[in-house]
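As the structure is a computational prediction, the values presented were derived from the model and not from experiment.
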Amino acid sequence: MALLDGIRDPRDVRALPPEQLPELASEIRRFLVEKVSATGGHLGPNLGVVELTIALHRVFRSPDDIIIWDTGHQAYVHKILTGRAAGFDRLRQREGLSGYPSRTESAHDVVENSHASTALSYADGLAKAWERRGLLDQHHVVAVIGDGALTGGMAWEALNNIADSERPLVIVVNDNARSYSPTIGGLAHHLSTLRTTHGYERFMSWGKRVLHRTPVVGDPIYGALHGMKKGVKDMVAPQGLFEDLGLKYIGPIDGHDETELEFALNRAKDFKGPVIVHAITHKGYGYAPAEQDEADRFHGVGVIDPDTGKPVNAGGPTWTGAFSDELVRIGEDRPDVVAITAAMLGPTGLDRFAQRFPDRTFDVGIAEQHAVTSAAGMAYGGLHPVVALYATFLNRAFDQVLMDVALHKAGVTFVLDRAGITGDDGASHNGMWDMSMLQVVPGLRIAAPRDESTLRTALREAVAVDDAPTVVRFPKGSLGPSIPAVRSQEGYDVLCECDGADVLIVSVGAFAGMCIDVAERLRAQGIGVLAVDPRWVKPVHPSIVELAGRSRLVVVVEDGVVTGGVGAAVSEAMREAGLTVPTRTIGVPDRFLSHGKRAEVLVECGLTAQDISRGIVEAMARMGNGSEGAEASSGQALDSQSTT
C-alpha cells in the first residue's frame, strides 16, 4: 500500500496527482477490509464513501475547514486520511481507536456524532458562530449527511433554518439508499427519483464527452453548462426538493467518481450561501461479499474472514433472536399486535415479524420521536404497538414517551435491545440511561428479564397491558444459560437463599448469574444472603420492601446508572415504608464510558462478582463495628471502588 503509507495528513492527499487517486481509493478499500474484518465495525458504510472522503479532503482544508459526519460511523476513511491509519489495529478496542469521530483523537474531529440526524444542526450553529465572529470568509463548514440520517426529523428542522439564511454552508447528501436496511419513506422515494431520472445525467455525460474533445473552447463551455441552474435541468429532470426549499442544489453526482466530486465540491465551496451536493454512493462498494449482502451491505460486522465475509466464530442464540421468535408467536395469537422500527428492522429482530406480517410492520426511518407518537396513535386506534429500539436511542424520544404515551395511558410496549453496557461503540451507544430516565414516567412499567424464559414471559405480560406503557429491556449479545428460580413468590423470584438473610440482593436483569455468584461468595464468608429477581423493576413491588425490612443490608445490582435507577427507587420505597435498613446501589457510574469490550467496561465499573462481594463484606464489617453512617441508609452507592 505504497500511497497509503505516505498519507499522514490531508495535505498529503492534496499533494497527490489526480491520476494516482484511483489507486489510493483501492488501497483504502483493501486496508478497510483487512483491518475491520479483524476487529469488527462499520465496514459497508465506509467502503461506500472512499472517493467522497478523498474529494472532501482535497477541496477543503481540515481542520481549518470543519467537516462533520452524520452519522459518524462513516468516518473511518476520514480517520485514515487524517493520520490515524496505524490505530486501526485496535479499532473499537480498549485504549484504541473509536468507531466514531472523537475529539480526544484528533483536531479533525469536532463532534462525536454517533446518533443520527444531528450534523446539520451542528453545522448551522457553527456557521452562525463564525459569522458572528467574522470568520466565515476564512473557514468553511461542511456537513456530510447520509446512510439514512436524512430521514430524521431533526435534520429537516435544521434545513428549515439553513434555507432561510445566506450563510455559506456545504451540505453533502451521501445518498446510498440505506441506513441499516434500505431507506424508506417519501424522502427516499424522492431521492430515488433523482437517482433514476437519467435524462439530465445522460445529457451532461454526452456534453462532457463531446466538449472535452473540442480544442480550446470545449472545457470552458462544459464548465458553463455544468454550472447552469435550473434552466437546462428542468427540461430533462424533475425539479429537486432541495431547490424547492430555496437551497442551491448540485447533482446527482456519481459518488465514486472522484474527479466529478471535486468539481461539484469546488463549485459548492465557491458559492456564497447554503448549497447541497447530492452524491450517489453504493454501500459496501468494491468488496463483493458486502455488495452481495442485500440485508444491510455489511453495515456492521463482527470478526469475519476477509476473503469470504463469513463470520469467524459462529454465534449462539441471542437475546435479539429470542425476542424475534417470541414476537412472531405473539403475532400469530394477537392480530392487534403490530411492530414499529426506526430504520433497524434486522438489528432489532423485527425482520422475522415483517416477513410473517408485512402489513403489520412499520419502518419509520431514523425518527424515534415519530415512532413513539405514531405508536400512541395506533394504540388509540385499537392496536397494540411493539416499538423495538436500541436502548440508547429511546433517549431521543423521552418527551413522546412521557407526554404522548404515558399521559394518555396508551398501551404501547417498548422493547429495548442493547440495554446496559454495550462496550464497543463507546459512550453514546451504552444503553445505561433507560431505567433512570423512565423512573419518572407515571404509570410506566419496566421488565428486566434474566434469561430466555423470563424474556418470553415478560414480553407476553407486557403486550397484555393496554392501559399504560410497558418496557422490556435486555442486553447485547448471546443468551447465557437458563437461570431457574429456587422458588417464586408474588413480586419476585428467589435465585439463592442461605440461612439467616443478613443481606438482601436485588438482582436486575442479566446480572442474575453474577448475583448468584456473589451470594455464594458471601455464604463462604459466613454471611447469610437472599438473592431475588423482581423481573418487573418498576414499580417496586411491595414484597421487595417487605423483604428489605427483614434484612440488615439491601444491595441492588443493576446494569444502568446508579443515579435515579432501580436502587434509588427501592430506597425511596423503603423510606416511604419507614424502613431505616442501609441500602446500597451497585451499577454504572454516572459518567460517559470509553469504548472497549463489555467485560472490560464492567471490570472498570467494578461490576464483577469479586468486586461486589468484597464491597459487601467490607460494608458488613463496618456495620458490625457500628461505623455505618446515616448516609448509608439513603441509598448511595456501595463505595467508589464498586461503582467507578
S.K.: Do Glu461 and Arg535 meet the salt-bridge criterion of a basic N to acidic O distance under 4.0 Å?
M.R.: yes
S.K.: Any chance CG of Asp359 has more than 12 other-residue heavy atoms, nucleotides or ligands included, within less than 6.0 Å?
M.R.: yes
S.K.: When rounded to the nearest 0.5 angstrom, what is the spacing between NZ in Lys476 and OG1 in Thr422?
M.R.: 5.5 Å
S.K.: Determine whether the side chains of Thr320 and Arg418 contain a donor N or O and an acceptor N or O closer than 3.5 Å.
M.R.: yes
S.K.: Quick one about Thr341 and Asp363 (side-chain donor to acceptor, distance below 3.5 Å, no hydrogens or angles considered), yes or no?
M.R.: no
S.K.: Given 3.5 Å as the limit, does a donor-acceptor pair link the side chain of Thr583 with the main chain of Val581, or not?
M.R.: yes
S.K.: Are Phe323 and Leu350 side-chain neighbours, meaning at least one heavy-atom pair lies under 4.5 Å?
M.R.: yes
S.K.: Taking all heavy atoms of Asp533 and all of Ala448, pick out the closest pair and write down the distance.
M.R.: OD1-O, 4.4 Å
S.K.: Run the side-chain contact (heavy atoms from CB on, under 4.5 Å) test on Val557 and Ser507 for me, step by step, so that the C-alpha distance in whole Å, both residues' side-chain angles and the decisive distance to 0.1 Å come before the verdict.
M.R.: CA-CA 5 Å; Val557 184; Ser507 169; 5.7 Å; no
S.K.: Do the charged groups of Glu572 and Arg575 touch, with an N to O distance under 4.0 Å?
M.R.: yes
S.K.: Show, in sequence, the C-alpha distance, side-chain angles and deciding distance for Asp124 and Ser121, and conclude whether the side-chain hydrogen bond (donor to acceptor under 3.5 Å, both in side chains) test is met.
M.R.: CA-CA 5 Å; Asp124 176 58; Ser121 296; over 6 Å; no
S.K.: With heavy-atom distances below 4.5 Å as the criterion, would you say the side chains of Val545 and Leu579 are in contact?
M.R.: yes
S.K.: With respect to His429, which candidate in His595, His42, His115 satisfies the ring pair (Phe, Tyr, Trp, His ring centres under 6.0 Å) definition?
M.R.: His115
S.K.: Show, in sequence, the C-alpha distance, side-chain angles and deciding distance for Val405 and Phe414, and conclude whether the side-chain contact (heavy atoms from CB on, under 4.5 Å) test is met.
M.R.: CA-CA 11 Å; Val405 178; Phe414 298 96; 4.2 Å; yes
S.K.: Mind checking the OG1-CG spacing from Thr281 to Asn174? Nearest 0.5 Å is all I need.
M.R.: 3.5 Å
S.K.: Angle between ring planes, His73 versus His299, binned at 30° and 60°: parallel, tilted or perpendicular?
M.R.: perpendicular
S.K.: What I'd like to find out is whether the side chain of Phe298 reaches to under 4.5 Å of the side chain of Ile304, using heavy atoms alone.
M.R.: yes
S.K.: Assess whether side-chain contact (heavy atoms from CB on, under 4.5 Å) is satisfied between Arg445 and Trp536, documenting all intermediate values.
M.R.: CA-CA 7 Å; Arg445 311 174 200 183; Trp536 287 86; 3.7 Å; yes
S.K.: Hey, does the side chain of His541 reach the backbone of Ser543 with a donor-acceptor pair shorter than 3.5 angstrom?
M.R.: yes
S.K.: Looking at every heavy atom in both Leu120 and Ala158, which two are closest together, and how far apart are they?
M.R.: CB-CB, 3.5 Å
S.K.: Looking at Arg334 and Asp336, is there a salt bridge between them, counting it only when a charged N and a carboxylate O are closer than 4.0 Å?
M.R.: yes
S.K.: Using a 3.5 Å distance criterion without hydrogens, assess whether the side chain of Ser117 forms a donor-acceptor pair with backbone atoms of Ala149.
M.R.: yes
S.K.: Quick check against the 3.5 Å criterion: does Trp433 have a side-chain atom that pairs as donor or acceptor with the backbone of Ala391?
M.R.: no
S.K.: Which residue in the set Val561, Val588, Val537, Val471 passes side chain to side chain contact (heavy atoms under 4.5 Å, CB included) when paired with Met435?
M.R.: Val537
S.K.: When rounded to the nearest 0.5 angstrom, what is the spacing between NZ in Lys538 and CG in Leu444?
M.R.: 6.0 Å
S.K.: When rounded to the nearest 0.5 angstrom, what distance separates NE2 in His282 from CD in Glu291?
M.R.: 9.0 Å
S.K.: Are any side-chain N or O atoms of Asp451 and backbone N or O atoms of Ile483, one a donor and one an acceptor, separated by less than 3.5 Å?
M.R.: yes
S.K.: Can you find a pair of side-chain heavy atoms, one from Ser594 and one from Val601, that are under 4.5 Å apart?
M.R.: no
S.K.: Do Leu394 and Met437 have side chains that approach each other closer than 4.5 Å (heavy atoms only, starting at C-beta)?
M.R.: yes
S.K.: For residues Val441 and Ala406, report the shortest heavy-atom separation together with the two atoms involved.
M.R.: CG1-CB, 3.4 Å
S.K.: Would you call Tyr122 and Asp70 a side-chain contact if the rule is heavy atoms closer than 4.5 Å?
M.R.: no
S.K.: So how far is it from Ile505 CD1 to Ser551 OG, rounded to the nearest 0.5 Å?
M.R.: 10.0 Å
S.K.: Less than 4.5 Å apart, any side-chain heavy atom of Leu455 and any of Glu326?
M.R.: no
S.K.: Using every non-hydrogen atom in the two residues, find where Ala342 and Val364 come nearest and quote the distance to one decimal.
M.R.: CA-CG2, 4.1 Å
S.K.: For residues Phe511 and Leu607, determine if any side-chain heavy atom of one lies less than 4.5 Å from a side-chain heavy atom of the other.
M.R.: yes
S.K.: Taking the basic N atoms (NZ, or NE/NH1/NH2) and the acidic carboxylate oxygens, is any pair closer than 4.0 Å for Arg329 and Asp333?
M.R.: no
S.K.: Checking side chain to side chain contact (heavy atoms under 4.5 Å, CB included) against Val554, which of Leu504, Ile544, Val503 comes through?
M.R.: Leu504
S.K.: For atom OH of Tyr380, decide whether the heavy atoms of other residues, nucleotides or ligands shown that lie under 6.0 angstrom number more than 12.
M.R.: yes
S.K.: Out of Asp404, Val401, Asp399, which residue meets the side chain to side chain contact (heavy atoms under 4.5 Å, CB included) rule with Thr373?
M.R.: Asp404
S.K.: So does Glu558 pair up with Arg473, basic N to acidic O under 4.0 Å?
M.R.: no
S.K.: What heavy-atom pair brings Arg598 and Pro475 nearest, and what distance separates the two atoms?
M.R.: NH2-CB, 4.3 Å
S.K.: What are the two closest non-hydrogen atoms of Ile145 and Ala155, and how far apart are they?
M.R.: CD1-CB, 3.9 Å
S.K.: Does Arg450 pair with Asp559 as a salt bridge, N-O distance under 4.0 Å?
M.R.: no
S.K.: What's the verdict on side-chain contact (heavy atoms from CB on, under 4.5 Å) for Met344 and Asp417, showing C-alpha distance, side-chain angles and the deciding distance?
M.R.: CA-CA 11 Å; Met344 299 180 71; Asp417 201 331; over 6 Å; no
S.K.: Within this structure, what is the OG1-CG distance for the pair Thr348 and Leu416, rounded to the nearest 0.5 Å?
M.R.: 11.0 Å
S.K.: Take the angle between the ring planes of Phe353 and Phe357 and call it parallel below 30°, perpendicular above 60°, tilted in between.
M.R.: tilted
